[in-house]
Amino acid sequence: MAYDFREIERKWQAAWAGEGTFKVREHKGDKFYVLDMFPYPSGSGLHVGHPLGYIATDIVARYKRHRGFNVLHPMGYDSFGLPAEQYAIQTGRHPRETTDKNIARYRQQLDRLGFSFDWSREVRTSDPSFYKWTQWIFIKLFHSWFNNETNRAEPIDTLVARLEQQGAVTTATDARKPFGELDEQGKSDLLMQYRLAYLDEAWVNWCPALGTVLANEEVKDGVSERGGHPVARKRMPQWSLRITAYADRLLDGLDDIDWSDSIREAQRNWIGRSDGSTLFFEVADGPAAGEKIEVFTTRPDTVFGATFLSVAPEHGLAGSLATPEQQQAVNAYARAAANRSERDRQADVKNVTGKFTGSHVLHPFTKEKIPVWVAEYVLAGYGTGAVMGVPAHDTRDYAFARHFGLEVIKVIEPADESLKDEPCFDTYEGRCINSRFLDGLEVSDAIGKAITEIEKQGTGKRKVNYRLRDAAFGRQRYWGEPIPVYFRNGIPCTMPEDDLPLRLPDIDTFLPTETGDPPLARAGDWTYRPEGDSEQWPLETTTMPGWAGSSWYYLRYMDPHNEEAFASKEALGYWRDVDLYIGGSEHATGHLLYVRFWTKFLHDLGYLEITEPARKLINQGMIQGRSNIIYRVEFPDASTDIDFPLFIGEESKKELQSSATGAGDLAKMIDSEFGVKMQPIEGKSLKIPITPIHVDVNLVNEDMLELNDFRSWKPEFRDARFLGGDKIKCGWEIEKMSKRWHNVVNPDDICDKYGADCLRMYEMFLGPLEQGKPWNTNGITGVYGFLKKTWKLFEGNVSRRDHPAEDAMKSLHKLIKKVTTDIEQHSFNTCVSAFMICVNELAAQKCDDLNVLEPLCILLSPFAPHMAEELWRGMGHEGGISAVAWPGWDEKYLAEASFTYPVSINGKTRFKIPLSLELTKDQVAEAVLAAEELKRYTTGNTPRKVIVVPGRIVNVVV
RNA sequence: GCGGGUGUGGCGAAAUUGGCAGACGCACCAGACUUAGGAUCUGGCGCUUAACGGCAUGGGGGUUCGAGUCCCUCCACCCGCACCA
C-alpha cells in the first residue's frame with residue numbers, strides 16, 4: 001500500500017480531536033509546560049516561517065508525554081491590535097468580525113499540521129472572559145505601591161496607613177499638610193505618585209491629523225509612518241505602569257533564567273542601570289542665584305575636571321537661569337528644541353548646539369565659578385536633566401567644550417600610555433591628578449571616595465539611575481481592553497471587581513471624535529454609576545496597549561474557564577511556570593520584559609509563588625524567503641517590431657553582463673530566435689536595459705520557470721516570450737518572506753503536496769532552531785523520500801523475531817540514544833538526520849523485525865505523528881501511540897569490539913589500521929609501530945613519540 | 001559608537017566539545033529499470049593534480065603531538081540599542 005498521507009493525516013487529526021487525545025485533565029504527576037508565543041491573527045494567514053517554533057514545541061510536548069509527563073501545551077490568540085482596527089476604519093467592518101475571521105483561518109491552517117495543542121484551553125485576549133482579568137490585574141496595579149524598603153509591591157492601604165501615621169507630607173498643591181487633612185483630590189494626587197498604575201502628564205507623540213497618540217515605533221522622521229502626517233510632542237494626561245520600580249529585580253532575575261545571552265543582554269541594556277552620585281551645584285549669580293542644580297554623574301572621580309554645567313532645554317530652571325542679556329537667545333533656543341521631535345533631535349547628534357545662560361554655579365569643592373549652558377545633548381528625561389561637563393574625560397562634553405571654546409582640565413592619568421596625549425579620553429583605568437583629596441587614587445577607588453566626600457559635605461548622595469522608562473499604558477484606540485476607571489468629580493476611581501468585565505461598547509465609526517477624543521468617547525453612554533451613587537460618571541476613554549493581555553496569558557492557560565479568579569490556586573501551584581517557551585527575538589525588550597514585570601507583581605501580591613514566567617526560552621530564527629527572479633528586456637532606444645513582453649533567464653543575463661558587446665549580441669539573438677531586426681533610434685547607441693522581475697515562487701520548480709503558469713499569472717504577461725528556448729532558469733535572492741517579493745510559501749500548499757509530517761520534519765531538518773535560514777522548497781523531496789522509505793519498512797511481512805539481529809539492534813539503539821539526547825538539547829535538525837541514517841541502514845539490512853520497528857515508530861511519533869499513529873495501529877495496537885512509553889537505549893548494543901584507528905604522522909592522517917578495543921595504549925602503540933605502512937612515512941627516522949587516544953586516533957611524531 | 005550573533009563544498013548543514021572536516025539531505029554527473037519521468041534503485045560528487053601528492057572550515061598570527069573547535073588580531077554580514085552623563 002502506498003503512503004497515502006492525505007488520508008492518514010485527515011483520519012488521525014479527526015480522531016485526536018474527537019477523542020480529546022491531548023486534553024489535559026488533572027493535576028497529577030510531573031508537569032511540563034511548553035508554550036509558544038501566541039500569534040496575532042493577521043489577515044494574510046500563516047506562511048511556512050510561522051509554524052517553525054510550534055513544530056519544535058509540539059515535538060517536545062509529544063516527547064514529554066512519552067516520557068510520562070503531564071504536559072500543558074496550549075495555543076491562543078493575541079487578538080487585540082492595530083491592523084484589525086485600521087481595517088475597520090477603512091471598511092467600517094467591526095474589528096471583532098475581521099479578527100474572528102482571521103482566527104478561523106489560522107485555526108484551519110494550524111489544524112492541518114497535526115499539533116497536539118489542548119484546544120479546550122484556547123485563550124483570546126479580546127474575549128471579555130479573558131480581558132476581565134486583564135482589567136482585574138490593572139485594578140490591582142492601581143491599588144498597589146512599591147515599597148523600596150521591602151523591595152516589593154504592597155497594597156496601597158499600607159502606604160495610606162503610613163502617611164496617616166507620619167502626619168505631615170509634602171504635596172505639589174498643599175505644602176506640608178497632614179495626609180488626613182488633605183481633601184479627596186489632594187489624597188488622590190498624592191497617592192498617584194506611588195500607584196503602580198498611575199495617571200500623569202507625560203510627553204507623547206501627538207498626531208493631529210490622525211487624532212491620536214502614536215507609539216515611538218509608529219513615528220518615522222517626525223511624521224507618522226502611516227500617511228506621513230506631522231507629529232508633535234505634546235504633554236497630556238496618560239496612564240503609565242511603574243515598571244521602573246522593578247528595574248533592579250528585573251535585572252537580577254536575568255541571572256537565574258536559562259534565556260539566550262542576546263535577550264538577557266538586550267534587557268540589561270534596556271534597563272540600563274548606572275551607578276553614580278547626585279551632586280548639587282549652587283547658582284552663584286544671575287536671576288536664579290541661590291537655587292541649586294542637581295546633576296547625576298557616574299564619574300564623581302572626575303568632579304575636579306568639571307568646567308561647565310549643561311541643562312536640558314526643558315529643564316525647570318533653564319528659563320530662570322538666563323540673565324536678561326541672554327534671555328532672548330536662551331528662550332529661542334529652548335523653543336526651537338521643544339518643537340523638534342525626539343526623532344529629529346536624535347537624527348543630528350553630530351551638530352553641537354547650545355546657549356550660554358549668562359549664569360554661573362559654584363563648584364562644590366573648589367568653589368570656583370563655572371558657566372551654565374543650555375544644551376540639547378542633555379536629555380530632560382534621563383537623570384536630573386542636567387550634567388556636569390567634564391570635557392577631558394567625556395567625548396560629548398569635549399565636543400561641546402571645543403565647539404564653544406570652554407576650558408578643558410585633565411584629571412585622570414591614563415594607565416594606557418597611548419592615551420596620554422589625547423585631549424579627551426574616557427577610561428576607567430588610571431589615576432586621579434589635579435584633584436586634591438583624590439590625587440593618586442585609582443579610578444575605581446576614587447569614585448567611592450568622591451561619593452563619601454560628597455555625602456559628607458551634604459552636596460549630593462549615592463544614586464542609581466535607570467534608562468528604563470515607565471511604560472505608557474493608554475492608547476487612543478478602540479480595539480483594546482477598556483481601562484476600568486471612571487472619574488468621580490474628576491478623581492480616577494476603579495470599578496469594583498464584581499462589575500468586570502467592562503465591555504468594549506459598540507460604536508458607529510472607529511475614528512477619534514471631532515474634538516480629538518479617543519473612539520470610545522463616541523459610545524452613547526460611556527459612563528458608570530457606582531452602587532449607591534446617584535450620578536453617572538464618565539469612564540476612561542483610552543484602551544490598553546497590545547502588550548497588556550500577553551503579559552499574563554500564560555497563566556490563564558492553566559485554568560482558562562475559571563470565573564472566580566484568573567486561575568485557581570491549585571492550578572497555579574501545580575503548573576507554576578513555563579518550562580520551555582519558544583518565540584521570536586523581536587519581543588526581547590517588549591513582551592518579554594512586561595511579562596516578567598507582571599509575574600513579579602502578582603508574586604508580590606501573593607497570587608504566584610514563582611518570580612519568573614519561563615525557565616527556559618528559545619528564540620527561533622527567522623525563516624527568510626527565497627525569491628525567484630527573471631529579467632525583462634526592454635528597448636527604449638531601438639525601433640523594433642517586438643510587440644510582446646520579452647524575458648531572459650539567469651544564464652543569459654550573466655552572459656550579457658560579462659560580454660563587452662552585450663547589446664549587440666542580444667540584438668543578434670533576438671534576430672535569430674524571433675526574426676526581428678533592431679535598429680538604434682537615430683542619434684542614439686543601441687542599449688537594451690534589463691529589469692529584474694520577481695516571479696511568484698509558486699510558478700517555479702527547482703528554479704525552472706513554468707512558462708505557461710507564468711503567462712497566466714498576470715494579464716500583461718499573457719503573450720510573454722522567452723529568449724533561449726523553453727528552459728528558463730531563474731535567478732534567486734534571499735529576502736524577507738513577504739507578498740511584496742512573491743516569495744511567500746503557504747504551509748497548506750506543502751501539506752497538499754507532501755503532507756504535514758513531511759513539512760514538520762523538513763522545517764526541523766533545515767538547521768538549528770535558533771538560527772535564521774532561508775526557506776527552499778526544493779530540498780523537501782529528501783525528507784519526503786525518507787518518509788516513503790520508512791513507510792516501506794513496515795509494509796512487508798513484519799513479525800517479531802525471537803533473536804533480533806545485532807546490526808538492526810545497533811542501528812536502533814544508536815538512534816534511540818541520538819534522538820533522546822538531541823531532543824533534550826533542542827537539536828531537532830540532527831534528529832532528522834539520525835532518522836535518515838537509521839532507516840537507510842534498516843532498509844539495507846532488510847529489517848522486518850517488530851523488536852526494532854516498534855520502538856522506531858515511537859521515536860518517530862513526535863516528529864511525524866500521523867504516520868507513526870497509522871503504523872502503530874497497523875501493528876495491531878488498540879490504544880494510540882501518544883501515551884506509549886519512550887524506549888531507552890542499551891549501551892551493550894552500541895559497544896564495538898574493534899576500531900579502525902586513523903594513524904596520523906605529525907598530525908596528518910596517513911593510513912588506517914583495525915585494532916581490538918581491548919588493547920592497552922601501549923599495545924596499540926606497539927601495533928602501529930610495527931605496521932608496514934608506517935615505514936613509508938618515517939623515512940628511516942625513529943618515531944619520537946606515539947600518542948594514543950583509545951577508540952579515537954593514533955598520532956606518531958617523527 | 002556599544003552590545004549580541006553568524007562566517008565550513010554549488011546550496012541547507014554535521015562534527016561525540018581539542019582527535020579521520022564535510023555525516024544527512026538538495027542540486028549535479030554516470031548507470032539500471034522504463035513508452036515516459038518532477039517515480040524508483042545503484043554508484044560518484046570540497047578544490048587542485050595525469051598521478052604520487054598538495055591545498056582547504058572569512059584573513060593573519062599563536063598555543064598544542066594534533067585546532068572548524070582554545071588564545072590574540074583583523075575583515076564581512078545579520079540583529080538589537082544608540083547623545084543615557
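Proteins get letters first, then strands, A, B, ... in listed order; numbering begins at 1 in each.
- Pairing of B:U63, defined by two Watson-Crick or G-U wobble distances under 3.5 Å, is not identified with any nucleotide.
- Comparing B:A85, B:G3, B:G38 by their nearest atom to the side chain of A:K753 picks out B:G38.
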Using salt bridge (Lys or Arg N to Asp or Glu O under 4.0 Å), reason through A:D275 and A:R273 one step at a time and then give a plain yes or no.
CA-CA 7 Å; A:D275 289 82; A:R273 180 186 161 115; 2.7 Å; yes
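- Comparing B:G4, B:C24, B:A14 by their closest approach to the side chain of A:P768 singles out B:A14.
- With a 6.0 Å radius and a threshold of 12 heavy atoms from other residues, nucleotides or ligands, A:R268 has its CZ atom above the threshold.
- Atom name C1', nucleotides B:A51 and B:G61: the rounded distance is 35 Å, in whole Å.
- Taking every side-chain heavy atom of A:Y382 into account, B:A85 is the closest of B:A15, B:G4, B:A85.
- Note: CD (A:E376) to P (B:A82) measures 17 Å, nearest angstrom.
- Side-chain atoms of A:K789 and A:N840 form a donor-acceptor pair, as typed in the model, at a separation below 3.5 Å.
- We find that CZ of A:F828 is positioned 17 Å from C1' of B:A13, with the value rounded to whole Å.
- Residue A:Q771 places at least one side-chain N or O closer than 4.0 Å to OP1 or OP2 of B:A13.
- Residue A:S274 places at least one side-chain N or O under 4.0 Å from the OP1 or OP2 atom of B:A85.
- In B:U42 the O4'-C1'-N dihedral to the base is more than 90° from 0, which defines an anti nucleotide.
- When the nucleotides B:C83, B:G12, B:G3 are ranked by their closest atom to the side chain of A:E265, B:G3 comes out on top.
- Of all nucleotides listed (B:C20, B:A23, B:G25), B:C20 comes nearest to the side chain of A:P902.
- Both distances falling under 3.5 Å, in either a Watson-Crick or a G-U wobble arrangement, place B:G3 opposite B:C79.
- Between A:R264 and A:L617, every side-chain heavy-atom pair lies at or beyond the 4.5 Å cut-off.
- Rounded to whole Å, the P atom of B:G1 lies 33 Å from the corresponding atom of B:G18.
- One finds a side-chain N or O of A:K788 lying less than 4.0 angstrom from the OP1 or OP2 phosphate oxygen of B:U40.
- In this structure, the nucleotide among B:C65, B:G12, B:C26 sitting nearest to the side chain of A:K773 is B:G12.
- Atom P of nucleotide B:C41 and atom NZ of A:K792 are separated by 5 Å, given to the nearest angstrom.
- Among the protein residues, A:T589 comes within range of no part of the nucleic acid, since none of its heavy atoms lies under 4.0 Å from any strand.
- For B:C79, neither phosphate oxygen OP1 nor OP2 lies less than 4.0 angstrom from any side-chain nitrogen or oxygen of A:N619.
- A:I271 places its CD1 atom 19 Å from the P atom of B:G80, with the value rounded to the nearest Å.
- OP1 or OP2 of B:A14 sits under 4.0 Å from a side-chain N or O of A:N829.
- Outside the 6.0 Å centre-distance limit, the rings of A:W373 and A:F308 are not counted as a close aromatic pair.
- As a whole-Å value, the separation of A:K945 NZ from B:U64 P is 11 Å.
- Counting atom types as modelled, A:N701 pairs a side-chain N or O with a base atom of B:G38 as donor and acceptor under 3.5 Å.
- Nearest nucleotide to the A:T830 side chain, out of B:G4, B:A14, B:A85: B:A14.
- Rounded to whole Å, atom C1' of B:C79 lies 15 Å from atom CH2 of A:W270.
- Taking atom C1' on both B:C29 and B:U35, the two are 25 Å apart, rounded to the nearest angstrom.
- Rounded to the nearest Å, the gap between the P atom of B:C55 and that of B:G68 is 13 Å.
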Would you tabulate the nitrogen or oxygen pairs shorter than 3.5 Å linking the protein to nucleotides 51-56 of chain B?
| unit_1 | atom_1 | unit_2 | atom_2 | d |
| --- | --- | --- | --- | --- |
| B:G54 | OP2 | A:R910 | NH1 | 3.4 |

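- As a whole-Å value, the separation of A:M622 CE from B:U6 C1' is 14 Å.
- Remark: B:G9 base-pairs with no nucleotide in the shown strands. Criterion, Watson-Crick or G-U wobble with two distances under 3.5 Å.
- Geometrically, A:R952 does not engage A:F899 in a cation-pi contact defined by less than 6.0 Å to the ring centre and at most 45° from the axis.
- Residues meeting the ring pair (Phe, Tyr, Trp, His ring centres under 6.0 Å) test with A:W775, sequence neighbours left out: A:Y762.
- Checking B:G80, B:A27, B:U17 against the side-chain heavy atoms of A:N269 singles out B:G80 as nearest.
- Looking at heavy-atom distances under 4.0 Å, A:Q825 makes no contact with the nucleic acid at all.
- Within 3.5 Å, a donor on the side chain of A:N955 pairs with an acceptor on the base of B:C65, or the reverse.
- Residues A:E294 and A:T384 have side chains that never bring a donor and an acceptor to within less than 3.5 angstrom of each other.
- Ring geometry for A:Y594 against A:W547 counts as parallel: the plane angle stays under 30°, on a 0 to 90° scale with 60° as the upper cut.
- Counting any heavy atom pair closer than 4.0 Å across all strands shown, A:N465 reaches no nucleic acid atom.
- Residues A:F911 and A:A931 come closest through the heavy atom pair CE1-CB, 4.2 Å.
- Which of B:C65, B:A15, B:C24 sits closest to the side chain of A:I947 comes down to B:C65.
- In this structure, B:G61 shows a glycosidic angle more than 90 degrees from zero, which is the anti conformation.
- Among the heavy atoms of the strands lying under 4.0 Å from A:V949 is at least one base atom, whether or not backbone atoms are also near.
- When heavy atoms are screened at a 4.0 angstrom cut-off, A:S833 is found touching base atoms of the nucleic acid.
- Side chain of A:L379, nearest nucleotide from B:C20, B:A85, B:C65: B:A85.
- Annotation: ring pair (Phe, Tyr, Trp, His ring centres under 6.0 Å) contacts of A:H315 (sequence neighbours excluded): none.
- Atom CG of A:D822 is separated from atom C1' of B:A14 by 11 Å (rounded to the nearest Å).
- The side chain of A:R467 contributes an N or O atom lying less than 4.0 Å from OP1 or OP2 of B:A82.
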